[in-house]
**Student:** 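Below is a structure I'd like to ask you about.
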Number of protein chains: 2
Amino acid sequence: MKRVTIADIARAAGVSKGAVSYALNGRPGVSEETRRRILAVAEQFGWHPSSAARALSDGRTGVLGMIVDRPARTLGIESFFMQLISGIEATLSARDVSLLLQVTEDREREMATYRRWWAQRRVDGVIVVDLRRDDPRVALLEELNMPCVVIGGPHGLGTLPGVWSDEVAVTTAVVEYLAALGHRRVARVAGLADLWHTSVRGQAVADAADRVGLTDVTTVYTDYTGEEGARATRALLSRRPSPTAIVYDNDTMAVAGLGVAHEMGIAVPQQLSIVAWDDSPLCQLLHPQLSAVSRDIAAYGGHAAEQLLKILDGAETRSFQDTTPQLIPRGSTAPPAAA
Amino acid sequence: MKRVTIADIARAAGVSKGAVSYALNGRPGVSEETRRRILAVAEQFGWHPSSAARALSDGRTGVLGMIVDRPARTLGIESFFMQLISGIEATLSARDVSLLLQVTEDREREMATYRRWWAQRRVDGVIVVDLRRDDPRVALLEELNMPCVVIGGPHGLGTLPGVWSDEVAVTTAVVEYLAALGHRRVARVAGLADLWHTSVRGQAVADAADRVGLTDVTTVYTDYTGEEGARATRALLSRRPSPTAIVYDNDTMAVAGLGVAHEMGIAVPQQLSIVAWDDSPLCQLLHPQLSAVSRDIAAYGGHAAEQLLKILDGAETRSFQDTTPQLIPRGSTAPPAAA
DNA sequence: CGGCGATGGTTACCCGCTTCATATGAGCTC
DNA sequence: GAGCTCATATGAAGCGGGTAACCATCGCCG
């Protein structure tokens, strides 16, 4: 079954291929009446221009790429990416741009994919996630001169544009809040040590702790899984003296931590306060409900997509600061039991 | 900065464009020595053939599409899709095929996108999820004659190939297990009523209940969110007599249900047994750990991708039955308290 | 009435790759 | 050495659009 092409439309409308192209793309060169006739015929045939032919001719594919480099095991448990993706999609689909997604467990492969995608002109640009310290992808993308937006920053971006939020501000707010409640021994169950935002939060915690006079701040690094969150929590709660508050870098680990507290007979929030990073519906389903740092992840993705589209439209590459995440206190935080 | 094309490679290697093409694609027509020389030059230039030009010429894009039509709100909470996607990717990336993803909240838009993708030749085929009863997408894809694989079945597929597992068998096993424990009043908090697998499970529950002599089986339909799972649980546990066991169609709702039981002072598993559908690490982080129906979702996605690739390679369209999900009993199921 | 600028439309070439038809020449056979 | 076959390589035609350059009308003005 032969497929419909621009030539078929031209023939059916009694005009040349060129006229069809002009009509379709809203360019001058055809009268309003002819344009309408052509569009009607196209509609009737259900014709859309071949993306390959169009891409070949004008060099644009209408596709953005995104590579997620996390083990499958940790991907499923985090709602972050799915929310991010739906935010990106909401922006893109309004402009008929599509998202090419790659999931890999290998950083070399991710780099190779950027190279290949660009060499093949498979995408117009990419959205980069999980910015790391000394991230080799930054240099690669600069070298390739490939349009992109990094979700993360403002540090470690090189000359690349980023979309980021003020992690320092909210981290400080969390520490100050816990200090104000009376906590003096606070721990943090962090995520992957070499992600930029992990170290930004770490630095902010240290600075804020200094300022409010917390001297006993412990950090444990994990891979974001519930297992490691549980293990870290057990270790922390087995110390003497043990922390009276723990901040988790994602909700899964916070849930696991709550479970461990139950298991060890430690009452939350009476004996232990818990704060989850990245709020999710899950945080409100538990007892007690988890105090959490909340941000609109979908909007975040949407902004990144918008920035990238602007860049592709010729705008100067600029970074974008998103709204600052907010701490939402719920039932899992309270003043510590009298020492 | 002009980009490298096949002509540059041909010139540099001192051969014709045709020879480069043959060498690259492993076709006869060039000697081994020439082939090696050409490939070396290509490697050195970092050249990859333009996907657009290739697609235009041979009609294949090397891209598969997938559309997820769920509200963003419910997408994030379910690990299902992310796991599915990583499984699909694992299969695809081994063959340098990419996945085009669209997230929409609108069924009309999903249908329109299939039409557009196919008319534009943007994808070689699609993976279809969330099969519904009387699903209009089936007729559309049949009409378009667009290569596809449906995740779901074996019913309601029309002539389309599907990848599915024996939901009836595992559902029956769950009911029989609960009956064997001594439960007589069992409830099910189901997902979206018009999804095929929801009704398949419903029918299987009814049949099995009949067979083992459970007469009191209630089903409540939800949108998979924790909120609705909690609400449904509250309603069920407020009845007199109330069910002694509840089966949930996803893990999020099971977690919510556990929370409600806590809230109402109902002991799990002593007074209420809970079974979650689709196991996840989360199920093991709670106390008690949730008994769950487990399946390898990533493998499921991988199989779907494989089937579709086979079809694209000219294989006859055939359905594929995946391994049957297994019930994994944990701490949330026990014999009911003596009535 | 000739010349001029709009307006509306056509033609032909280009984008980068695959592939078919064709050419060249080496190695054989009779 | 003429005639074949086989292996290797080239040239050119298309794939389906975009667009620059060109052409035909027509109305208008001097």
Side-chain angles (χ1 to χ4, degrees), chain A residues 1-39 41-42 45-63 96 116-124, chain B residues 1-39 41-42 45-63 96 116-124:
Chain A
M1 185 181 64
K2 184 97 175 38
R3 278 149 123 185
V4 178
T5 75
I6 196 173
D8 301 318
I9 304 302
R11 201 174 316 117
V15 295
S16 69
K17 288 189 340 180
V20 175
S21 179
Y22 290 135
L24 184 74
N25 297 306
R27 310 185 144 271
V30 285
S31 66
E32 255 329 296
E33 196 205 318
T34 310
R35 183 190 306 277
R36 265 198 297 276
R37 183 160 43 90
I38 291 173
L39 291 181
V41 172
F45 278 67
W47 174 75
H48 290 264
S50 145
S51 54
R54 192 171 242 186
L56 183 58
S57 166
D58 75 4
R60 285 198 158 209
T61 63
V63 175
D96 274 341
R116 186 165 48 80
W117 276 356
W118 193 233
Q120 294 180 324
R121 294 127 173 104
R122 201 178 260 302
V123 298
D124 294 332
Chain B
M1 185 182 65
K2 183 100 175 40
R3 277 150 123 186
V4 178
T5 75
I6 197 172
D8 300 318
I9 304 302
R11 202 173 317 117
V15 295
S16 68
K17 289 188 337 182
V20 175
S21 179
Y22 290 138
L24 184 74
N25 298 306
R27 309 185 148 271
V30 285
S31 68
E32 255 329 297
E33 197 204 319
T34 309
R35 182 188 309 276
R36 266 197 297 276
R37 183 160 43 90
I38 291 172
L39 291 181
V41 172
F45 279 67
W47 173 76
H48 290 265
S50 145
S51 53
R54 188 172 247 185
L56 183 57
S57 169
D58 75 3
R60 285 198 158 210
T61 63
V63 175
D96 275 342
R116 185 166 48 82
W117 275 357
W118 193 234
Q120 294 180 324
R121 294 128 174 102
R122 201 177 260 303
V123 298
D124 293 331

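Proteins come first, then strands; the chains are lettered A, B, ... in the order of their sequence lines, and each starts at number 1. Here the structure is a predicted model, which is why all the values come from computation and not from measurement.
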**Student:** Under 4.0 angstrom, heavy atoms only, what part of the nucleic acid is A/V20 near: base, sugar-phosphate, or nothing?
**Tutor:**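 No contact.
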**Student:** Using a heavy-atom cut-off of 4.0 Å across all strands, would you classify B/S21 as base, sugar-phosphate, or nothing?
**Tutor:**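 Base, at least one base heavy atom under 4.0 Å.
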**Student:** Would you give the length of the straight line joining atom CG of B/L24 to atom CD1 of B/I9, rounded to the nearest 0.5 angstrom?
**Tutor:**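 B/L24 atom CG to B/I9 atom CD1 measures 9.5 Å (nearest 0.5 Å).
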**Student:** Provide, to the nearest angstrom, the distance between the CZ atom belonging to A/R122 and the P atom belonging to C/dC17.
**Tutor:**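 Whole-Å distance recorded here is 13 Å.
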**Student:** Compare the minimum distances between each of C/dC15, C/dG8, D/dT8 and the side chain of A/L56, then state the nucleotide with the smallest one.
**Tutor:**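 Side chain of A/L56 sits closest to C/dC15.
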**Student:** Ignoring backbone atoms, test whether B/R54 places a side-chain nitrogen or oxygen under 4.0 Å from the OP1 or OP2 oxygen of C/dG16.
**Tutor:**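 No, B/R54 has no side-chain N/O under 4.0 Å of OP1/OP2 on C/dG16.
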**Student:** Please classify the nucleic acid contact of A/S16 as base, sugar-phosphate, or nothing, using heavy-atom distances under 4.0 Å.
**Tutor:**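 The residue A/S16 makes base contact.
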**Student:** Could you tell me whether B/R35 and B/E32 have a side-chain N and a carboxylate O separated by less than 4.0 Å?
**Tutor:**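 B/E32 and B/R35: salt-bridged.
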**Student:** So does B/R27 get a side-chain nitrogen or oxygen closer than 4.0 Å to the phosphate oxygens (OP1/OP2) of C/dT18?
**Tutor:**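 Answer is no, no contact under 4.0 Å.
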**Student:** Pick the closest DNA chain D nucleotide for A/A19 and for B/T34 by heavy atoms, then say which residue is nearer the 5' end.
**Tutor:**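 In this pair, the answer is B/T34.
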**Student:** Would you kindly give the CG-to-C1' distance between B/D8 and C/dC17, to the nearest whole Å?
**Tutor:**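 These atoms are roughly 13 Å apart.
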**Student:** Is there a donor N/O on one and an acceptor N/O on the other, under 3.5 Å, for the side chain of A/Y22 and the base of D/dA20?
**Tutor:**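 By the distance-only test, yes, there is a pair.
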**Student:** Indicate the atoms forming the closest heavy-atom contact of B/S50 with A/L56, along with that distance.
**Tutor:**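 Scanning both residues completely, I find the closest heavy atoms to be OG-CD1, 4.5 Å.
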**Student:** For DNA chain D, whose closest nucleotide is more 5', that of B/R37 or that of B/R121?
**Tutor:**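 Of the two residues, B/R37 wins.
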**Student:** Give the minimum heavy-atom separation between A/A13 and A/I38, together with the two atoms involved.
**Tutor:**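 Shortest heavy-atom separation between A/A13 and A/I38 comes out as CB-CG1, 4.2 Å.
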**Student:** Of the options D/dG17, C/dC15, D/dT8, whose atoms approach the side-chain atoms of A/W47 most closely?
**Tutor:**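 It is D/dG17.
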**Student:** Just compare C/dC17, C/dT18, D/dA9 and give me whichever is closest to any side-chain atom of B/N25.
**Tutor:**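 The answer is C/dT18.
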**Student:** Within the side chain of B/R3, is there an N or O that forms a donor-acceptor pair under 3.5 Å with the backbone of A/W118?
**Tutor:**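 Pair found, side chain donor or acceptor close to backbone of A/W118.
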**Student:** Given C/dT19, is OP1 or OP2 found less than 4.0 Å from the side-chain N or O atoms of B/S57?
**Tutor:**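 No, B/S57 has no side-chain N/O under 4.0 Å of OP1/OP2 on C/dT19.
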**Student:** Once you round it to whole Å, what is the distance between C1' of D/dT19 and NZ of A/K17?
**Tutor:**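 One finds 11 Å between C1' of D/dT19 and NZ of A/K17, rounded.
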**Student:** At under 4.0 Å, does any side-chain N or O of B/S31 touch on OP1 or OP2 of D/dA9?
**Tutor:**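 Answer is yes, contact under 4.0 Å.
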**Student:** Looking at the side chain of B/T5, which of D/dG18, D/dG16, C/dG16 is the nearest nucleotide?
**Tutor:**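 Looking only at heavy atoms from C-beta outward on B/T5, the closest nucleotide is C/dG16.
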